[in-house]
Every structure is written in C-alpha cells, then in structure tokens.
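Proteins come first, then strands; the chains are lettered A, B, ... in the order of their sequence lines, and each starts at number 1.
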There are 2 protein chains.
Amino acid sequence: MDKRDFKNEVYGELSKISKAMSNPHRIEIIDLLAQRPYAVEEIASCTSISTANASQHLQVLKSAGLVTVNRRGYFIYYSLASEKVFDVWRGLRELGIEQSSKAREAVDRFRMNYHSLQPAGIDEIYEKVSKGKITLIDVRPEDEFIYGHIQNALSIPIDKLVSRLEELSKEMEIIVYCRGPFCIYADQAVEILTKEGFNANRMIEGYPDWKSRNFPVSFSA
Amino acid sequence: MDKRDFKNEVYGELSKISKAMSNPHRIEIIDLLAQRPYAVEEIASCTSISTANASQHLQVLKSAGLVTVNRRGYFIYYSLASEKVFDVWRGLRELGIEQSSKAREAVDRFRMNYHSLQPAGIDEIYEKVSKGKITLIDVRPEDEFIYGHIQNALSIPIDKLVSRLEELSKEMEIIVYCRGPFCIYADQAVEILTKEGFNANRMIEGYPDWKSRNFPVSFSA
DNA sequence: AAACTATTCAATAAATTTGTTGAATAGTTT
DNA sequence: AAACTATTCAACAAATTTATTGAATAGTTT
C-alpha cells in the first residue's frame with residue numbers, strides 16, 4: 001500500500017461521514033437527536049418528511065456510524081452515537097452562521113418576526129446563573145426536559161406558557177432556552193413574555209450546547 | 001415565511017457547506033490548505049488529480065465560502081476562509097478516527113510500516129516543550145515552515161533529514177511533527193532517526209492543530 | 001500591444017443521491 | 001400462536017455529482 005492508496009483510503013472513509021451529514025434532512029435529524037432519542041415516526045413528523053424517507057435517511061446515518069439504534073416495545077429509537085457527532089454539527093452550524101449570509105439573514109429575519117432580537121450568549125448566561133441572578137425557563141417539550149436540562153431550570157413547554165404565567169416574577173430577569181439557535185420555541189416564548197410585561201430574553205444556543213460545554217445539568221432517572 | 005420554510009432554508013444553507021466537505025478530494029484539499037495558501041497546480045499535484053479537476057473542486061469550495069482566492073503573478077492562491085473551516089475538519093477527522101474502524105486501521109497499518117507506533121499527543125508535547133525538555137523538528141517542506149511553525153522548532157524537511165543528522169543530539173528526546181495525523185513525513189523521519197540511534201517520536205497532530213490550540217507559534221514575515 | 005501562462009469553462013457520460021410508492025418484514029403484544 | 005404495528009425494503013424516475021477532455025479566458029509579463 002503506497003502513500004496515495006493510504007490517503008485515498010483515509011480521506012475516502014472520512015468523506016463517508018461528511019456525506020452522511022451533507023443532506024438537509026439528515027442535519028435536521030442530527031439536530032433533533034441531540035435532544036433525546038427519537039423514534040422514526042416522531043422524527044418524520046418533526047422534520048416534515050415521510051416515514052419511509054426518514055427511515056432511509058436514518059439508515060444512511062447508521063451506516064456512517066453517526067447514530068445508534070435501540071428498541072423499546074414497538075418503537076425503534078435512534079440516538080446520536082457520540083458526543084463528537086454533536087461537536088461536528090455545532091462546528092458546521094457556527095461556520096455556516098459565520099460564512100453564509102443567507103443562513104444569517106434567515107435567522108435574523110425569523111427572530112425579527114418574534115421581536116426577539118437581543119438574544120444572550122451561553123457564556124454570559126452561565127455567568128449570571130452562577131450568581132443566581134436569573135430565572136431559567138426550558139420551553140422544550142417535557143420529555144426532552146426529563147431526558148436532560150440545565151440545572152435549576154423550570155420546565156414550561158411552549159404550549160403551556162400562557163396558562164402558567166402566574167408562576168413567574170416580573171422582578172427577575174428571565175432567560176428562555178430551547179433546542180438550539182434554529183429552534184423558535186424560545187422566540188415565541190420571549191414574544192409572549194415581553195407582551196405580558198416580563199423582562200425576558202432568549203439564549204442563542206440550546207440545551208445540547210450547554211451540556212457539551214460541561215456546564216451543570218440535571219436529568220430524571 | 002412559516003416555521004417549515006425557515007428550517008428548510010437554514011438546514012439547506014448549512015448542507016451546502018457540508019456538501020462542499022463531502023468529497024474525499026475536497027477534504028484532502030482543505031487539509032492541505034491548513035498549512036499555507038496553495039496554487040491550483042500545486043494542489044492538483046499534491047492530491048494526485050488533474051488541474052482541471054482540482055480547479056473544479058476549488059470552485060465548489062469557493063461557492064460554499066470555505067476558501068478565498070488571492071492572485072500573485074501568474075498564480076492564483078487558495079486559502080482557507082476561516083479558522084472555523086479547520087475546526088470543522090478537525091472535528092470530522094476526530095469523529096472519523098473514533099467511529100470508523102476502517103479509518104483507524106488504515107492509519108495503524110501505515111504507522112506500522114514505519115515502525116512508528118508510540119506517537120505522542122499534542123498536550124503531552126506542549127507540557128514537555130514548556131519545560132524545554134525536547135528537541136522539536138518540523139519535517140514539512142520549507143515554505144510551510146516559513147509560513148508558520150511551532151515556536152523554537154527546527155526546520156529539517158524530510159528529504160534533507162539524512163544529510164543533516166549531525167545537527168541533532170542523541171541525548172535529547174526528539175519529537176517530529178508534520179502536517180497532521182494523515183501525513184507520513186513524520187513517520188518517515190522517526191524511522192530514519194530511530195535506525196540511526198536517536199530517541200525520536202512523532203507528534204500525532206500537525207502544525208495546524210497546534211496553532212488552532214493557540215499554543216505558541218512563529219512565522220517569518 | 002503581443003506573447004505567455006495558470007486557471008477556468010463547457011460538454012459529456014457514468015455514477016451516485018434523492019423522494020415516492022406500496023409491499024414486506026421483524027419483532028412485540030395479547 | 002395469531003394479531004398487530006412500527007419500521008424497512010425494493011423498484012423506480014428525476015436530479016445531482018463526478019472525472020475527463022480539450023478549448024477558452026483572464027490576467028501578467030516583457
């Protein structure tokens with residue numbers, strides 16, 4: 001095996017992984033699986049594709065070693081195979097926000113819809129949380145919260161927010177977080193809270209970013 | 001623009017970037033450009049493809065915003081557009097080594113050829129360097145060394161090594177580094193040095209990793 | 001301005017990727 | 001063991017990616 005064969009083999013192998021991450025639906029699936037394991041039909045419905053199509057994309061991810069499989073009852077749950085999968089996805093996401101003006105504009109335009117334009121970065125929030133200065137609200141679906149959440153965060157899924165406003169104080173600064181920078185639950189929440197007179201902002205990043213930074217998390221066994 | 005359109009737009013944009021990184025030749029080009037800007041013909045020859053083909057791949061990388069262009073005289077030099085491009089590539093590389101047994105085996109098999117099987121990690125070496133305990137040799141081509149190298153490293157391009165052995169001491173521990181984990185210059189060097197009775201090992205990672213960690217570097221203006 | 005040169009372009013065929021359809025399957029429940 | 005169900009498979013057509021060829025081009029030298 002000469003030098004060229006070696007390089008062909010190595011770069012060829014690695015390109016299988018990046019090929020697996022080179023489809024919009026599959027990226028979206030990875031972004032979703034960073035929250036918790038999901039079954040095929042749930043994945044299909046969250047990403048607005050057919051079940052058969054979702055299954056096929058999941059096969060691709062599985063062959064590339066990016067996801068693992070786990071059956072419980074009738075359902076087959078897919079999970080990310082490694083923390084490193086999220087790391088690569090986050091790198092890609094950050095590179096995209098830096099380099100692609102279209103991606104940046106799409107995000108800004110959407111934030112604008114929800115009048116949620118001064119989001120705070122994860123480090124800034126980590127500082128404040130350590131000093132106990134803010135109320136953290138997790139507006140993701142409850143099952144994602146149960147699977148893992150930021151320590152001391154309060155779970156108020158976005159569709160329950162309007163009915164649970166009396167639990168919140170208008171004195172404290174409120175930070176809302178959700179799945180990540182492309183998830184709009186937090187933006188919707190900030191819009192609702194601001195209209196009701198609360199002092200609320202969203203965290204740009206999501207729970208998986210917090211966890212990947214090794215900031216303190218909790219989960220229910 | 002509803003939620004689904006937004007997601008399609010964002011994930012679609014980001015997939016353009018990963019698509020650009022999803023071809024073995026293009027990955028190899030990125031790996032090469034992490035050393036220094038390179039002209040099209042050089043890139044073609046380093047990666048064993050035709051000039052026209054290299055040019056086409058470079059167009060793809062350029063459209064995705066991953067590389068930038070710079071003319072000097074007759075030549076057009078391509079560079080990585082951002083540190084983040086290397087970050088994503090490194091993430092992919094590490095994920096590949098972790099997940100793909102084929103990639104891992106290819107690397108091991110090749111190291112074995114050169115009897116260079118106890119390479120040292122970058123952190124370990126950083127520690128030793130700070131204590132001045134080792135001799136660092138950069139065996140990449142001289143122009144890459146000039147463009148940037150580890151502080152206090154000695155430049156001995158691999159093809160000059162045999163003729164410059166008298167510059168080295170058999171008492172000091174020698175660490176050799178090159179472009180990165182898929183570059184074999186350092187392995188070749190370790191084989192030569194070991195045969196001659198030197199105490200030599202390679203660093204697993206390459207110069208771009210060192211630089212990206214913000215460890216001390218030098219370059220000639 | 002003419003000569004020169006590295007790079008890009010255009011056209012092509014082969015290979016791969018993609019989403020859809022509806023049927024088949026593997027595995028769990030009862 | 002029979003019934004049931006989420007998931008996978010197989011077959012297809014459309015779209016995209018890829019490498020090759022040789023000509024065209026943009027820009028620098030002299």
Next on the checklist: Taking the nucleotide of DNA chain C with the nearest heavy atom to each, does Pro24(A) or Gly73(A) sit closer to the 5' end?
Outcome noted: Pro24(A)

Check the distance between [N]'s [atom2] and [X]'s [atom1] and give it to me in whole angstrom.
{"X": "Gln59(A)", "N": "dT18(C)", "atom1": "CD", "atom2": "P", "value": "14 Å"}
{"X": "Asn8(B)", "N": "dG19(C)", "atom1": "CG", "atom2": "C1'", "value": "14 Å"}
{"X": "Lys62(B)", "N": "dT8(C)", "atom1": "NZ", "atom2": "P", "value": "7 Å"}
{"X": "His25(A)", "N": "dT18(C)", "atom1": "NE2", "atom2": "P", "value": "9 Å"}
{"X": "Glu42(A)", "N": "dA6(D)", "atom1": "CD", "atom2": "C1'", "value": "12 Å"}
{"X": "Arg71(B)", "N": "dT28(D)", "atom1": "CZ", "atom2": "C1'", "value": "7 Å"}
{"X": "Asn70(A)", "N": "dG27(C)", "atom1": "CG", "atom2": "P", "value": "14 Å"}
{"X": "Lys19(A)", "N": "dT17(D)", "atom1": "NZ", "atom2": "C1'", "value": "8 Å"}

Name the nucleic acid region contacted by [X], choosing base, sugar-phosphate or nothing; use a 4.0 angstrom heavy-atom cut-off, strictly under.
{"X": "Ala39(A)", "value": "sugar-phosphate"}
{"X": "Tyr77(B)", "value": "nothing"}
{"X": "Phe75(B)", "value": "sugar-phosphate"}

Next on the checklist: Measuring only between side-chain heavy atoms, which start at C-beta, is Leu165(A) closer than 4.5 Å to Leu193(A)?
Outcome noted: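 Yes, at least one pair of side-chain atoms sits under 4.5 Å.
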
Does [X] put a side-chain nitrogen or oxygen below 4.0 Å from OP1 or OP2 of [N]?
{"X": "His57(A)", "N": "dT17(C)", "result": "no"}
{"X": "Tyr74(A)", "N": "dT30(C)", "result": "no"}
{"X": "Asn53(B)", "N": "dT18(D)", "result": "no"}
{"X": "Arg72(A)", "N": "dT28(C)", "result": "no"}

Checklist entry - Which word best sums up how the rings of Tyr11(B) and Phe182(A) line up, parallel for under 30°, tilted for 30 to 60°, or perpendicular for over 60°? => result perpendicular

Check this for me, if you would: do [X] and [Y] make a salt bridge, where the nitrogen-to-carboxylate-oxygen distance has to be below 4.0 angstrom?
{"X": "Glu28(B)", "Y": "Arg4(A)", "result": "yes"}
{"X": "Asp87(A)", "Y": "Lys84(A)", "result": "no"}
{"X": "Asp209(B)", "Y": "Arg93(B)", "result": "yes"}

Checklist entry - Looking at the side chain of Glu41(A), which of dA6(D), dT8(D), dT8(C) is the nearest nucleotide? => result dA6(D)

Next on the checklist: Looking at Tyr38(A), I'd like to know if the NZ or CZ of Arg36(A) sits under 6.0 Å from its six-membered ring centre while staying within 45 degrees of the ring's axis.
Outcome noted: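 Output yes; distance and angle both within limits.
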
Next on the checklist: Identify the stems formed by DNA chain D, where each pair is Watson-Crick or G-U wobble with both distances under 3.5 angstrom and a stem is at least 3 consecutive pairs.
Outcome noted: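 Stems (3+ consecutive pairs) listed as C:1-30 with D:1-30.
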
